[in-house]
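We use all heavy atoms of the structure for the numbers below, so side chains are in, but hydrogens, waters and symmetry mates are not.
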Amino acid sequence: MLEAGAELRRDGLARQIGDAHAKERARAEEYYAAAVDSLQRRATTAPENRAALLRARIESTREERARRLAEIAENTVPATRSLPTGCTC
């Protein structure tokens, strides 16, 4: 019975944070898309030595995007945890 109550509570909290998760993910997607777009535009008109640096930066920005999206997903996974009775943790 306690498990069922915990699951109901977890599901309710998951619905509440679902919208916040979607908004944070959308903001991150938009930010990194704009950053890559800007770098790509700059790379097309830059001298070759500068363009090479910008292409490397594009790659690192894409890697950062993947890391950030994974972080967002990890931070919004609902979980339950059992504590001993009387615990003031």
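- Interatomic distance, Thr61 OG1 to Tyr31 OH, rounded to the nearest 0.5 Å: 7.5 Å.
- The shortest side-chain heavy-atom distance between Gln40 and Thr44 does not fall under the 4.5 Å cut-off.
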TODO: Would you please test Glu74 and Glu71 for side-chain contact (heavy atoms from CB on, under 4.5 Å) and show each step?
DONE: CA-CA 5 Å; Glu74 182 181 305; Glu71 181 181 275; 5.7 Å; no
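- Among all heavy-atom pairs drawn from Ala43 and Ala51, the shortest one is O-CB, 3.6 Å.
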TODO: Run the numbers on Arg42 and Arg57 for side-chain contact (heavy atoms from CB on, under 4.5 Å), then give the verdict.
DONE: CA-CA 11 Å; Arg42 290 167 45 200; Arg57 193 145 173 223; 4.3 Å; yes
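- Salt-bridge formation is not detected for the pair Glu63/Arg67: no Lys NZ or Arg NE/NH1/NH2 atom is positioned less than 4.0 Å from an Asp or Glu carboxylate oxygen.
- Under a 4.0 Å N-O distance rule, the pair Arg68/Glu29 does not qualify as a salt bridge.
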TODO: Take Arg65 and Val36 through the test side-chain contact (heavy atoms from CB on, under 4.5 Å) and record every step on the way to the result.
DONE: CA-CA 10 Å; Arg65 174 193 171 274; Val36 168; over 6 Å; no
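- Ion pair Glu24/Arg27 not flagged as a salt bridge, since none of the NZ, NE, NH1 or NH2 atoms sits closer than 4.0 Å to an Asp/Glu carboxylate oxygen.
- Electrostatic pairing of Arg25 and Glu30 does not count as a salt bridge here, judged by no charged N lying under 4.0 Å from a carboxylate O.
- In this structure, the separation between CD1 on Ile58 and CG on Leu53 is 11.0 Å, given to the nearest 0.5 Å.
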